[in-house]
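First the structure, in the form of C-alpha cells, and then the observations on it.
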Amino acid sequence: MPDISDLMQIAPLVALAAVALLVIVVDLMVPARMARGTILVTAAGGLLVVGWYLLDLWSQVVPLPEFAARALAPFGGALALDGLSFAASALILAAAFFAVLLSTTEQARDMSGYVSLMLLAALGMMVLAGTSDLMVMFVALEVLSLSLYVLVAFRRGDAKAREGAFKYFLLGSVAAGLLLYGFALLYGVTGATKLAGIAAFARQGTIGPLYHAGFALVVIGFGFKLALAPFHTWAPDAYQGAPAPVTAFMAIGTKAAAFVALARFVWAAVPSDPVLAAAYLTPIGVLAGVSMLVGSLGALFQTNLKRLLAYSGVAHAGYLFLPLMSLTPEAFGQSLFYLFAYLCMAGGAFAVLVARSVEAGGDAGAAADAAELSGWRGLYQRRPGLALATALFFLAMAGMPPTAGFTGKLFLITGGIEARAWWLLAAMVASTGISAYVYLRVAGSVFRSPEAEAAAVAEMGPVPGAHLSGSHPAGAVGIVAGTAPSPLAWERVAVGAVLLLAVAGILLLGLFPNLLLPGLQGLLPVR
Amino acid sequence: MSWVVLIAALVALVAAMAVVRARIPVHSVLALVLNLVCLAVLFIVLDAEFMGLMQVIVYAGAVMVLFLFVVSLLGARKEAIEREMSLLAGQEGMGVVAAGVLLVALLMAVLRQPLPAPAQVYPGFGAVRAFGAALFYDHVLVLQLAALLLMVAVVGVVVLIARRDQGR
Amino acid sequence: MPGMAVQGYLVLSVVLFVIGLAGVLVRRSPLVMLMSIELMWGAAGLLFLTFARLWAGMEGHIFSFLIIVVGAAEAAIGLALIVLIFRTRDAADVDDVRALRG
Amino acid sequence: MENGYWVLALIPGLPLVGAAANAAFRRRWGKPALAGTASAMVAMAFVATLASLVRYLGLESHDALSLTLWSWGVPGVGLGLLGDAVSLWFALVVTGVGLLIHIYAAAYMSDDPDYGRFFAELNYFIFAMSLLVLADGFLGMLVGWANVGLASYLLIGFWNERPAAAAASRKAFWVNTVGEVGLILAMAILWNQFGSLRFADVLPQAGLAQPEILNWVALLLLVGAVAKSAQLPLHVWLPDAMQGPTPVSALIHAATMVTAGVYLAVRAFPIFEAAPWGLTAVAAVGAASALFGAIVAVGQNDIKRVLAFSTMSQVGYMILGAGVGAYSAALFHFMTHAFFKAALFLGAGIVIHHFHGEQDIRRMGGLGKQLPFAYWTFLLGTLALIGLPPLSGFFSKDEIVVELLVTGHTGLWAVAVAAAALTAFYMTRLFCLVFTGDAPAKPGAKHRGQKGTTGHAAGGHDSGHGVPALESVPVLILTVLSVGAGVLWIPGITAVPEHFLGRVIEQYAGAGHAAAMDTGLAKTVTVAALMGVALLAMALAVRLYGPARQGAGPQPRWQSVLTNGLYLDDLYRAVIVRPLLASAAYVGGVIDPHVVDGAVNGVARLAGTLAVGVRRLQAGYVRRYALILMGGTALIVLYFVML
C-alpha cells in the first residue's frame with residue numbers, strides 16, 4: 001500500500017511532470033509575443049530545479065560512500081531509486097537541458113507542446129532507468145516513445161520529418177509488441193512482474209524454453225530502443241528527420257535510459273548457472289559486436305551529419321556492452337561513465353549542427369543544409385572557435401586522448417578485458433579503426449577549404465568575429481561574443497552555452513575522470 | 001464451456017487472417033473488431049471478466065471507430081488503397097519465412113515448456129472489485145504513468161494535427 | 001481448467017502474434033500494418049490473462065489493462081501520423097515513403 | 001627521485017604556447033614574428049632540456065627528475081613528466097633538431113600563404129613529441145602518442161587542396177590509429193595486471209605477470225611501435241607521407257616521430273625481455289624492415305621516397321638493436337640518424353627548390369657545380385648514412401651490428417650487413433644522379449602549378465643565388481653534427497651513450513647478455529665486413545650512375561669492352577646488378593605496392609564494400625527495415641529456444 005512518504009521519494013519525477021504541465025498553462029496565459037521565450041525559460045529553469053531536487057534526494061537519502069548497498073524502493077518496489085537510477089537520471093536531465101537550450105533556435109510557434117513533450121519524454125526515460133517492475137518499464141518506455149514519435153515529426157510541412165516519425169513509430173510499435181510478448185512470457189514462467197521475483201526465479205527455478213524465449217524478446221525490445229544492429233534501421237531515418245535538438249535528446253537520453261533498463265534486466269534475469277549465463281550473454285555480445293561494425297561501416301560514406309551521428313550512435317551503443325559481459329557491479333559504472341562522455345561528445349556535435357543552421361538562417365531548409373558535410377568546409381576560416389570545438393567533439397568520439405572519449409573507451413576496454421570478451425574487443429578494434437576515419441573526415445573537413453576561399457579571406461583581412469574568438473582562450477566563447485547582435489542573439493547564447501558545457505565536460509572527464517568514476521562504481525544494490 | 005473456447009479461438013484465428021489478407025481496409029477493421037471480440041470472450045472464460053468488458057468497450061468500440069474514421073478519410077478516393085505491384089522484390093517471401101521461423105521457435109518453446117496446473121482462484125478474481133484493488137493499491141504508480149501517457153497522446157495529436165500557425 | 005488448455009491458449013496467442021507480425025511484413029497499407037500491430041499487442045494481452053489465470057494473480061490483468069490504454073494512445077498518434085503523410089497521396093502505400101535512405 | 005622539477009614542464013609547455021600564439025595571430029602577425037615566436041619557443045624548450053640534463057647529471061645514478069602534473073585520483077594513473085637518461089636523450093634531439101628545422105622552415109616556407117598555420121602545427125608537433133618522450137607512464141605517453149599522430153596528420157595534409165596530400169594524411173592517421181588501439185589494449189591489460197600505468201610501478205615487476213599475458217602485451221606494444229615507426233608491414237604510410245612539406249619530412253618522418261617506436265621498445269624493454277617471444281619479435285621486425293626498406297630504396301626514383309625508405313631501413317636497425325638488447329647502441333643510432341637524415345632531407349629540400357619542384361632524380365644531375373654547398377653537405381650526410389669512418393653513422397651502426405654478433409645472432413648479423421651494402425648502393429646512386437654528370441637540359445620542365453613547392457619559382461632564389469642563410473646554417477650545423485657526433489662513442493675511448501643511458505637501463509636489466517663471441521673479434525669482423533661491402537657497393541654505384549654514366553639507357557657493350565677488356569662489368573651485371581635491380585624493382589614495384597600496401601588498401605576496400613552493403617540495406621523501405629528487424633529477432637529467439 002503506497003503512502004505519502006513514497007511521494008516524497010519521487011519528488012523529482014512529480015516536479016518534472018508539473019513543469020511539463022506548467023509549460024502548457026504558461027502558453028495559454030502569456031501573450032503570444034512572449035510565449036516562446038517564457039516557455040523555454042520555464043522549461044530550462046524547471047529542469048534545473050528538478051536536477052537540484054534530484055541531487056538533494058541523492059545526497060540526503062543515499063550518502064555517497066555507502067550508496068552501493070542502499071536503495072529506495074517506493075511504491076512497493078515498483079521504482080528502484082538506487083545509484084544507477086540517480087546517475088542515469090542526472091544524465092537524462094542534462095540531455096534534456098541541452099535539448100531545451102538548443103531548441104531556442106526552433107522557429108515554430110507552438111513551442112509549448114514541443115517542450116512539454118520533451119519534458120514528458122525525459123520523465124519517461126527517468127522512470128525507465130529507475131524501475132524494477134516490468135509494468136512500469138513498459139509504460140515508461142511508451143511515454144518516452146510516444147513523445148519522441150511526435151517530436152520527430154515536429155517540423156510542420158517537412159515531409160522528411162513525417163517520414164522519419166512514421167518509420168520510427170511503425171518499427172517502434174512492432175518492437176514494443178516484441179518486448180511486451182517477452183514480458184508476458186517471463187511473467188508466465190515466473191509469476192512475477194518485478195525484477196526481484198524474476199531474479200529469484202533465475203537463481204532457483206527450473207529454466208525452460210519459454211523463459212529463454214521471453215529473455216530473448218525483452219533483449220530485442222530494448223535493443224531496438226538502443227539501436228543495436230540489426231534493430232537499428234529506424235535510427236538514421238528518424239535522426240535525419242527530427243529537428244537537431246530532438247535528435248540530440250533521442251540519441252543521448254533514450255540510449256542511457258534503455259541501456260540502464262536493459263542492464264538492470266540482464267543483471268536480474270541471467271541465470272546463475274554459469275554455462276547458461278554464458279549462453280545468455282553470447283547473443284548480447286554478438287548484437288553489440290555487430291552494432292559496432294554496422295555502425296562504423298554505415299557512417300563511413302555518410303555526407304549527412306545526422307545520419308553519420310546516428311550510425312555512430314549504433315556503434316557507441318555496442319561499445320557500452322563491453323564491460324557488461326562480465327556482469328559485475330563495476331561494469332555498470334564503466335558503461336555509465338561512457339554514457340556521460342557520450343553526452344558531452346554527441347551533445348556538442350549536435351550543438352555545432354544547430355549553430356551551423358542558425359548561421360545559415362535558421363529555417364527548416366537551412367537546418368537540412370547544415371547537416372550536409374559539404375557545407376562544413378572552410379568553417380575554420382569563418383568561425384575558428386566553432387571549428388575547433390567541432391574538431392574536439394569528433395576527435396573525442398574517435399577516442400583521442402586526453403578527451404572524455406579516450407578515458408571512457410579505456411574504461412570500457414578495461415571492463416572488456418576483465419570480462420575476457422576477446423572477440424568483442426577485436427570487434428571494437430576494427431570498429432574504432434573504421435570510425436577513426438569517419439570522425440577524422442568530419443574533423444578535418446572544417447579545416448579544409450578551397451584555395452580560392454582561403455585567399456579571399458586573407459585579402460579581406462580578419463573576418464568579423466575571427467579576432468574576437470581568437471583572443472579568447474576558449475574558442476567557443478567566440479560563437480557568442482564574436483557575432484554581431486542580431487534578433488537571434490540570445491539563441492546564440494544558449495547554443496554557445498551548450499557548446500561550452502560540452503567542451504568543458506569532454507576535457508574535465510578526460511583529465512579528471514575521478515570526478516565521476518568513483519561515484520559511478522558499485523551502483524547496484526546487492527542482488 | 002470448451003466448445004465456446006474452441007469456437008472463439010477458431011473465429012479469432014480466421015478473423016486475424018482476414019485482417020492481414022483483406023484487400024479493402026474496411027474489411028480489415030471489421031475483422032479486427034471480430035478478432036478482439038473473440039479475444040474478449042476468451043478473457044471472460046479466463047476469469048477476467050472486467051478485462052473482457054474493457055476489451056469490447058474501449059478497444060473494439062472506441063479505438064476501432066477511430067480506425068474507421070481514418071480509413072474513410074484516406075480511402076474515400078479509392079477502394080483498395082495499396083498499389084497493385086510491390087516495389088520490393090522478395091519482401092513477401094522473406095517476410096513469410098521470417099514469420100515462419102519465429103512461429104516455429106515460439107511454438108517449440110510453448111510446447112516444450114512444462115507448466116504447473118492452474119491455481120485455484122478466489123471468488124471475485126478478475127472482477128471489477130479485485131481489479132480496482134490491484135490497480136489503486138498495488139499498482140498506483142503505473143496508473144499515474146498511464147494518465148501521463150494519455151496526456152502525451154493528447155498533446156501529441158494536437159501538435160501533429162492542430163493548425164495553430166494559421167490562427168495567429 | 002485442465003493443464004492442457006493453458007497450452008492451447010498459448011498456441012493460439014503465438015499464432016495470432018505471428019499473423020500480426022507477418023501482416024506488418026507483407027502489407028503495404030499503413031492502416032493494415034497498424035492493425036496488424038494491434039493484433040500482436042492483442043496476442044500479448046491474451047498471453048497475460050492466460051498466465052494471470054495460471055498464477056491466480058492480478059498482475060496480468062493490470063498488464064493487459066495497460067496494453068489497452070497504451071494501445072489506444074499509440075493508435076491515436078499512429079493514425080495522426082498516417083493522416084499527415086497519406087492524406088495528400090493517391091495511394092496509401094508505405095513503399096512510396098522513402099525520401100530518407102542510405 | 002627528485003619530484004617537482006618544474007623545468008620539465010617547460011619542454012612540452014613552451015611549444016604548446018607557441019602553437020597557440022601562432023594559431024591565434026596567424027593573420028595579424030608578420031612572417032618574421034610568427035616564425036620567430038615558434039622558433040624561440042622551441043629554442044627555450046631546448047634550453048630547458050639542457051638545464052634538466054645538467055640537473056639530472058648531478059643526481060645519484062638511479063635517480064631521475066619527475067614532475068606530477070595531475071592525477072586521475074586512481075593510484076598509478078595520471079599524467080606526470082619523467083626526466084631520466086632515456087627521455088632526456090630523446091628530448092634533446094627532438095628540441096634540438098626541431099629548432100634547426102624550425103629555422104630552416106622559416107625560409108623554406110616563406111612563400112606559403114598559410115605560414116602561421118604551418119608553424120602552429122610544427123610547434124604543436126614538438127609539444128606532442130616531447131610529451132610522448134617525457135611522460136612518466138603509459139597513459140601520458142599515449143596522450144603524446146595520439147597528439148603526435150594528429151600533428152603528423154595535419155602536417156602531411158598541410159597542402160590539403162592536393163588530393164594526394166589529403167589521402168596520404170588520412171592513410172597515415174588510419175595506420176597510426178591501428179597502432180594506437182594496440183597501445184590502448186596493451187595499457188588496459190597492464191592496468192588489469194599491475195593496477196598501475198606508471199613506468200616506475202609497471203616496469204620493475206614486469207616479470208611477475210604470466211608469460212602468455214606478457215606475450216600479448218608485448219605484441220600489442222609492438223603493433224603500436226611498428227605503426228608509428230613505419231616498420232614492416234605498417235610502413236605503408238611513410239612513403240606517401242612525403243606529400244608533406246620537406247621540413248616536415250625531415251622533422252617528423254626522419255628525425256623524430258618515426259623513432260617513437262624505438263623509444264617505446266627501449267622504454268618498455270623489461271616487458272619485452274620478460275615476454276618469451278617479445279625480443280624475438282622485435283628483432284625480427286627490425287631486421288625485416290631494415291632489409292626491406294633498403295631493397296625498395298634501390299628502385300625508387302623520387303628523391304624523397306628514397307630517403308623515406310632509407311628511414312624505414314635505418315629505424316629498422318634501431319629496432320633490431322633494441323631487439324637484441326643493444327639499447328644504448330639503438331639510441332645512439334637514433335641520435336646520429338636524426339642528424340644526418342635531417343641534413344639529407346633539408347638538403348633534398350634545397351635540391352627540390354632548385355629544380356622548381358622536380359623530385360625525380362632521373363631528371364636531375366650536375367648540381368655539384370651549381371650548388372657546391374648542397375653538394376658538400378649532401379655528400380657528408382650520405383657518407384655518414386653509409387657509415388664510413390670517421391663519420392658518426394659508422395660508430396652508431398657499427399655498435400648495433402657488432403652487438404648482433406656478440407649476442408650470437410649470426411643470421412641477423414648477415415641481414416644487417418646486407419642492408420648496409422644496399423644502403424651504400426642506393427645512397428651513392430642517389431648522390432651521383434643528383435649531383436654529378438650533366439645538368440638536365442631543361443631544369444624545372446615539370447611545373448606542378450601548386451603553391452608551396454613552386455612558390456620559389458616566381459621570385460625566390462634561383463640557381464644562381466645560392467642558398468639563403470636561414471636554410472644553409474641549419475644544414476651546416478646538422479652536417480657538422482653528422483660528421484662529428486661519432487666522438488661520443490669511439491670504441492675503447494669514449495662511450496658516452498652507454499654510460500649515460502646505462503643509468504636507466506641497468507636499473508632493470510638482469511645479469512647481462514651472454515656473450516657468444518669475443519667482442520674484439522666481433523668488432524674486427526664486423527668493421528671489415530661493413531667496410532668491405534660498403535666500398536664495393538659504392539664503387540659499383542659510382543660505376544653505374546657516376547659522372548661517367550651516359551644517359552639513362554643501358555651502357556653500350558663496346559664501351560665496357562674498351563674499358564675493361566675482361567668483361568668484368570658483364571660479370572658484375574649478371575651476378576650482382578641485374579638481380580639487385582630486378583629484386584628492387586620486384587619488391588618496390590610489386591610486393592610493396594601490391595602485397596603490403598595492397599593488403600592495407602584491400603582492408604580499406606573491404607570496409608568500403610561492406611559500408612555500401614550496409615547502406616544498401618538502408619534503402620528507405622520501412623517494410624524492409626521491419627524485415628531486417630524480424631529476421632534478427634527470429635534468429636535470436638530460435639537460438640534461445642534451442643538452448
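Below, read A as the first sequence line, B as the second, and so on, with proteins coming before strands; counting in each chain starts at 1.
Heavy-atom pairs under 4.5 Å with chain C were tallied for B:Ala62, B:Gly95, B:Ala16; the largest tally goes to B:Ala16. Your options are C:Ser64, C:Ser36, C:Ala75, and the one with the most heavy-atom pairs under 4.5 Å with chain B is C:Ser64. Of the listed residues B:Gln113, B:Met51, B:Gln120, the one with more heavy-atom pairs under 4.5 angstrom with chain C than any other is B:Met51. Heavy-atom pairs under 4.5 Å with chain C were tallied for B:Val96, B:Val58, B:Val63, B:Leu107; the largest tally goes to B:Leu107. Of the listed residues (B:Ala133, B:Ala31, B:Gly126, B:Ala12), the one with the most heavy-atom contacts under 4.5 Å to chain C is B:Gly126. Heavy-atom pairs under 4.5 Å with chain C peak, among B:Val154, B:Leu102, B:Leu111, at B:Leu111. Each of B:Gly156, B:Gly93, B:Ala134 has some count of heavy-atom pairs under 4.5 Å with chain C, and the biggest count is that of B:Ala134.
Residues of residues 32-41 of chain B that come closer than 4.5 Å to chain C, counting heavy atoms only, are B:Leu32, B:Asn35, B:Leu39, ordered by residue number.
Scored by the side-chain hydrogen bond (donor to acceptor under 3.5 Å, both in side chains) test, C:Arg98 finds D:Tyr621 as partners (sequence neighbours excluded). For C:Glu59, there are no side-chain hydrogen bond (donor to acceptor under 3.5 Å, both in side chains) partners at least two apart in sequence or on another chain. For C:Phe17, the ring pair (Phe, Tyr, Trp, His ring centres under 6.0 Å) partners two or more places apart in sequence, or in a different chain, are A:Tyr181.
Of the atoms belonging to B:Val110, heavy atoms from both backbone and side chain fall under 4.5 Å from chain C. With a threshold of 4.5 angstrom between heavy atoms, C:Val94 does not approach chain B through any atom at all. Residue contact with chain C, scored on non-hydrogen atoms closer than 4.5 Å, involves the backbone and the side chain of B:Val29 alike. Residue contact with chain B, scored on non-hydrogen atoms closer than 4.5 Å, involves the backbone and the side chain of C:Ile62 alike. Heavy-atom distances place the side chain of B:Tyr122, and not its backbone, under 4.5 Å from chain C. Proximity to chain B (any heavy atom under 4.5 Å) is shown, for C:Ile19, by both the backbone and the side chain.
Side chain of C:Ser13 to main chain of C:Ala43: a donor-acceptor pair is present (N/O by atom type, distance under 3.5 Å, no hydrogens or angles). Distance alone, capped at 3.5 Å, places no donor-acceptor pair between the C:Arg27 side chain and the C:Leu34 backbone.
Aromatic ring centres of C:Phe65 and B:Phe131: separated by under 6.0 Å.
Between the CG atom in C:Leu49 and the CZ atom in B:Phe43 there is a gap of 5.0 Å [rounded to 0.5 Å].
Taking the side chain as every heavy atom from C-beta outward, B:Phe69 and C:Leu79 never approach each other to under 4.5 Å. Looking at C:Phe63 and B:Val142, their side chains never come closer than 4.5 Å, going by heavy atoms from C-beta outward. Considering only heavy atoms from C-beta on, C:Leu12 comes within 4.5 Å of B:Leu42 through its side chain. Side-chain contact between C:Ile77 and B:Val157 is present, with at least one heavy-atom pair separated by less than 4.5 Å.
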For the pair C:Phe48 and C:His61, evaluate ring pair (Phe, Tyr, Trp, His ring centres under 6.0 Å) and give the outcome as yes or no after the intermediate values.
-> CA-CA 7 Å; C:Phe48 271 116; C:His61 291 238; over 10 Å; no
